[in-house]
Amino acid sequence: MDEKKLPTQEENFSDWYNQLVLRAELADYSPVRGCMVVRPYGWALWENIQKALDQRFKATGHVNAAFPLLIPQSYMTKEKEHVEGFAPELAVVTHGGGQELEEPLVIRPTSETIIGTMYARWIQSYRDLPILINQWANVVRWEMRTKLFLRTLEFYWQEGHTAHATEQEAIEETERMLNVYADFAINEAAVPVLPGQKSESEKFAGAKATYSIEAMMKDTKALQSGTSHFLGQNFANAFDIKFLDENNQLQYCWTTSFGLSTRFIGAIIMTHGDDQGLILPPNLAPYQVVIVPIYRKDEERAAVMSVVNKISDELVENGFRIKVDDRDGVTPGFKFNDWELKGVPLRIEIGPKDVEKGSLVLARRDILGKAGKSFIPMEGYLQAVGDTLRLIQENLLAKATAFRDEHIFEVSDYETFKDVVENKGWALGWWYDDAENEANIKADTRATLRVFAPAEGEGVCFYSGKKTKQRAYFARSY
RNA sequence: CGGGGUGUAGCGCAGUUGGCUAGCGCGCUGCGUUUGGGACGCAGAGGUCGGCGGUUCGAAUCCGCCCACCCCGACCA
């Protein structure tokens with residue numbers, strides 16, 4: 001047993017994941033079961049995710065606000081499906097200030113109810129619409145089984161909540177935000193997600209329709225990585241969110257909500273990571289470049305560090321996120337492995353030979369060993385760093401997309417389907433929508449309908465043999 | 001909630017047929033030599049053995065109860 005090495009993905013994917021999260025210092029277990037501490041390195045990654053998303057939210061007209069953590073219990077019961085869906089996983093506060101509360105308060109599992117209540121107060125006229133608010137928050141859902149980032153009792157996310165005058169507008173918003181998520185996932189995280197609609201049984205409690213982006217992890221399991229809900233008038237009815245239209249008619253609003261959580265960090269880890277550790281997409285990596293100085297004697301150290309300092313200053317000035325690893329007492333070899341574990345996309349090595357020759361070494365995280373190293377002259381290195389980071393970003397997306405496509409199989413009969421979802425990856429096939437059949441398949445194979453797929457024409461359902469116009473992806477999931 | 005497992009130094013573990021001063025590896029501190037793919041030597045620091053109770057001359061070790069965490073299944077972002 002070599003303690004320096006991670007378990008390989010091949011021998012134990014779950015163990016690989018758990019150890020990697022801890023050893024890369026993304027997160028740690030908390031004293032409370034099922035909760036996690038997000039460590040600075042993990043939080044820095046989350047902050048970059050936040051920036052990329054927030055920018056997109058602002059660009060689509062949303063504004064940020066903050067709603068309270070505590071929600072009167074009675075609010076949760078106002079929407080029938082919502083309460084049924086969330087009741088089992090609520091944390092409830094019964095005491096405050098040493099006294100039992102008259103009405104227990106639930107810790108928000110999501111904020112439709114409290115925000116709906118406020119919207120009812122704020123919206124009177126069609127002139128108040130649409131209202132497009134997002135909040136960055138933590139929520140609590142009392143889950144049975146937890147796993148760092150993927151499912152914890154408390155997690156961090158953003159939840160967008162919008163209210164519209166017409167059904168059409170709300171549907172457009174739902175689709176718009178699904179596309180925002182897909183764009184973010186693909187272009188920032190290099191996670192090639194498939195966006196689509198969820199089945200009836202997989203949809204959000206209280207929604208008319210739920211859409212999600214589905215990502216394939218390296219063990220071929222699916223991960224729901226972001227969701228967008230069309231809530232119809234369900235919450236408007238339950239919370240009395242009404243407005244007067246142009247014709248002085250009182251109408252209920254149409255609302256939506258959408259969320260993406262720290263779970264997405266899990267998606268990044270399991271989409272790109274390898275046996276050496278994390279591989280972070282340059283667009284989101286806390287450090288895009290790590291500089292490792294190499295020297296033996298004090299004279300060498302001085303010469304090397306003056307070059308290191310110069311280029312680190314220049315890189316910062318040019319907007320790169322960098323780290324100089326000037327730790328004493330650990331060897332360069334150790335540092336290489338350490339930053340590979342942490343997934344820094346690009347490493348610059350500078351030693352006495354480089355100083356002498358006026359060159360430096362670039363080492364790509366996505367191509368290990370000698371193959372990923374290049375020796376480049378000092379002049380023009382800024383260009384090379386930028387270019388290489390772009391190449392890495394592209395390569396990560398290309399590799400992940402190829403992996404995903406290699407593990408999706410078209411199926412037309414149930415035997416093949418079972419073989420695919422149990423041994424090979426995702427199944428794609430014609431599907432006659434039927435909740436009972438869906439449940440049977442789940443009981444039989446543990447695979448669930450991830451999302452409906454684009455479909456043209458008509459085909460025969462792989463399970464029921466019925467004619468259908470719908471196609472769907474099925475897979476085992478997290 | 002069902003099944004399985006584990007609690008001994010920061011981490012990973014040994015010790016568990018009761019026995020004397022509780023040990024090993026990694027990590028940590030100091031000094032020196034090292035440094036282009038996970039360095040080495042010397043000297044150190046660090047423990048209510050998960051908790052409570054019981055048996056005993058004596059408990060990490062035996063018994064009882066409790067607690068916590070991890071893994072696998074039913075629910076979920």
Side-chain angles (χ1 to χ4, degrees), chain A residues 1-6 12 14-15 17-19 22-23 28-35 84-90 109-110 138-159 181 198 201-205 210 212-215 222-229 257-267 276-277 292-298 300-301 304 325-341 347-356 359-361 363 368-370 372-373 375 439 442-443 446 448 477-478:
Chain A
M1 266 295 250
D2 190 349
E3 285 178 0
K4 287 169 180 167
K5 284 218 156 63
L6 286 170
N12 191 339
S14 178
D15 206 25
Y17 177 87
N18 287 331
Q19 285 202 33
L22 295 175
R23 288 173 53 172
D28 202 350
Y29 293 105
S30 99
V32 177
R33 176 198 79 87
C35 292
E84 282 168 7
F86 280 106
E89 48 187 69
L90 291 179
T110 179
N138 55 341
V139 290
V140 168
R141 298 180 184 178
W142 218 264
E143 301 288 351
M144 293 299 176
R145 225 182 106 210
T146 59
K147 188 160 180 152
L148 293 169
F149 288 118
L150 300 184
R151 192 181 301 100
T152 46
L153 298 199
E154 180 186 18
F155 59 91
Y156 302 87
W157 74 344
Q158 59 66 219
E159 45 179 325
Y181 285 154
K198 288 292 207 183
S201 42
E202 295 277 327
K203 76 173 197 210
F204 175 75
T210 287
S212 78
I213 50 171
E214 296 286 326
L223 185 71
Q224 179 172 314
S225 307
T227 51
S228 184
H229 314 291
S257 66
F258 50 92
L260 184 146
S261 75
T262 37
R263 168 182 269 193
F264 200 89
I265 291 175
Q276 198 68 15
V292 178
I294 295 153
Y295 45 75
R296 290 189 194 81
K297 305 183 168 69
D298 280 349
E300 286 178 350
R301 179 197 166 100
V304 166
D325 189 350
D326 57 1
R327 281 179 291 179
D328 273 330
V330 281
T331 60
F334 180 89
K335 293 176 181 177
F336 297 168
N337 283 283
D338 196 34
W339 291 109
E340 280 167 8
L341 176 74
R347 180 177 71 239
I348 295 178
E349 304 168 15
I350 298 176
K353 291 180 211 160
D354 300 297
V355 173
E356 199 180 309
S359 65
L360 49 75
V361 177
L368 286 172
K370 283 232 169 69
K373 286 200 188 191
F375 302 80
K442 184 176 178 182
R446 278 167 49 211
T448 50
S477 72
Y478 278 97

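Below, read A as the first sequence line, B as the second, and so on, with proteins coming before strands; counting in each chain starts at 1. Everything numeric in this text was worked out from a predicted model, so none of it was measured.
Contacts of A/Gln224 with the nucleic acid, taken as non-hydrogen atoms under 4.0 Å apart, involve only primed sugar atoms and P, OP1 or OP2. A/Leu150 comes within 4.0 angstrom of a base, heavy atoms only. Contact annotation for A/Thr210: no contact, since no heavy-atom pair falls under 4.0 Å across all strands. Nucleic acid contact class of A/Lys335 (heavy atoms, under 4.0 Å, all strands): none. Residue A/Gly351 is classed as a base contact, given a heavy-atom separation below 4.0 Å to a base. As judged by a 4.0 angstrom heavy-atom cut-off over every strand, A/Val361 is placed among the base-contacting residues. Among the atoms of the strands shown, only primed sugar atoms or phosphate atoms (P, OP1, OP2) are found under 4.0 Å from some heavy atom of A/Thr227. Across all strands, A/Arg301 comes closer than 4.0 Å to no nucleic acid atom at all (heavy-atom distances).
Across all non-hydrogen atoms, the minimal contact from A/Leu148 to A/Asp28 is CD2-O, 4.2 Å.
We find that CG of A/Asp28 is positioned 14 Å from P of B/rG10, with the value rounded to whole Å. Following rounding to the nearest Å, A/Leu360 (CG) and B/rG36 (C1') show an atom-to-atom distance of 14 Å. Regarding A/Met144, its CE atom lies at a distance of 12 Å from the C1' atom of B/rG73, rounded to whole Å. Residue A/Lys5 contributes atom NZ, which lies 17 Å from atom P of B/rC26 at whole-angstrom precision. Summarising the geometry, the separation between CD on A/Glu89 and P on B/rC1 is reported as 17 Å, rounded to the nearest angstrom. When the P atom of B/rC75 is taken as reference, atom OH of A/Tyr478 falls 18 Å away, rounded to whole Å. The CZ-C1' distance, from A/Arg446 to B/rG73, rounds to 8 Å in whole Å. Atom-to-atom, CD of A/Gln19 to P of B/rC11 comes out at 14 Å; the value is rounded to the nearest Å.
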Produce the list of close N/O pairs, under 3.5 Å, pairing protein atoms with atoms of nucleotides 66-71 of chain B; give distances to one decimal.
residue, atom, partner, partner atom, Å
B/rC69, OP1, A/Arg33, N, 2.4
B/rC71, OP1, A/Asn18, ND2, 3.2

Expected rows: protein N/O vs nucleotides 27-35 of chain B N/O, under 3.5 Å:
residue, atom, partner, partner atom, Å
B/rU35, O2', A/Tyr295, O, 3.3
B/rU35, O4, A/Arg296, O, 3.3

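You'll find that the side chain of A/Phe334 is closest to B/rA39, out of B/rC76, B/rA39, B/rG37. Here the nucleotide nearest the side chain of A/Lys353, chosen from B/rG36, B/rA39, B/rC75, is B/rG36.
To the nearest whole angstrom, the two P atoms, one in B/rC75 and one in B/rA68, are 25 Å apart. A distance of about 32 Å separates the P atoms of B/rG7 and B/rA43, rounded to the whole Å. Comparing the same atom, P, in B/rG50 and in B/rU16 gives a spacing of 15 Å after rounding to whole Å. B/rG30 sits 32 Å from B/rA14 when the P atoms are compared, rounded to a whole Å. One C1' atom belongs to B/rC26, the other to B/rG19, and the distance between them is 31 Å to the nearest Å. Distance check on atom C1': B/rC63 versus B/rU17 gives 16 Å, rounded to whole Å. Nucleotides B/rA45 and B/rA59 are separated by 27 Å at their P atoms, to the nearest Å. Taking the P atom of each, B/rU29 and B/rC65 are spaced 45 Å apart, rounded to whole Å.
The aromatic rings of A/His229 and A/Phe204 sit parallel to each other, their planes meeting at less than 30°, with 60° as the upper class boundary.
Of all nucleotides present, only B/rC1 satisfies the Watson-Crick or G-U wobble test against B/rG73, with each distance under 3.5 Å. B/rC40 is paired with B/rG32 under the Watson-Crick or G-U wobble criterion, all donor-acceptor distances under 3.5 Å. Base pairing of B/rA68 is made with B/rU6, judged by Watson-Crick or G-U wobble geometry with both donor-acceptor distances under 3.5 Å. Here B/rG53 sits opposite B/rC63 as a Watson-Crick or G-U wobble pair (both hydrogen-bonding atom distances under 3.5 Å). With a cut-off of 3.5 Å on both Watson-Crick or G-U wobble distances, the partner of B/rG12 is given as B/rC24. Nucleotide B/rG46: unpaired (no Watson-Crick or G-U wobble partner with both distances less than 3.5 Å).
The line from CD1 of A/Ile265 to CZ of A/Phe149 is 4.0 Å long, rounded to the nearest 0.5 Å. To the nearest 0.5 Å, the span separating OG on A/Ser225 from OH on A/Tyr478 amounts to 11.5 Å. Atom OH of A/Tyr295 and atom CG of A/Asp326 lie 7.0 Å apart (nearest 0.5 Å). Taken to the nearest 0.5 Å, the CG atom of A/Leu6 stands 9.0 Å off from the CG atom of A/Asp15. With rounding to the nearest 0.5 Å, the separation of NZ in A/Lys353 from CZ in A/Phe375 is 9.0 Å. In this structure, the separation between CD on A/Glu202 and OG1 on A/Thr448 is 5.0 Å, given to the nearest 0.5 Å.
Counting heavy atoms from C-beta on, the side chains of A/Ser212 and A/Thr227 come closer than 4.5 Å.
An OP1 or OP2 oxygen of B/rG36 is reached within less than 4.0 angstrom by no side-chain nitrogen or oxygen of A/Lys373.
In terms of polar N and O atoms assigned as donor or acceptor, the side chain of A/Asp338 never comes within less than 3.5 Å of the base of B/rG38 in a complementary pairing. For A/Arg151 and B/rC76, a side-chain-to-base donor-acceptor distance below 3.5 Å is present, hydrogens and geometry of angles not being considered.
Partners of A/Arg446 according to the salt bridge (charged side-chain N to carboxylate O under 4.0 Å, His left out) rule, which considers only residues two or more places apart in sequence or in another chain, do not exist here. Remark: A/Glu349 pairs with A/Arg347, A/Lys373 by the salt bridge (charged side-chain N to carboxylate O under 4.0 Å, His left out) rule, at least two apart or across chains. With sequence neighbours left out, A/Glu89 forms a salt bridge (charged side-chain N to carboxylate O under 4.0 Å, His left out) with no residue at all. A/Asp328 is linked by a salt bridge (charged side-chain N to carboxylate O under 4.0 Å, His left out) to A/Arg301, counting only residues two or more places apart in sequence or in another chain.
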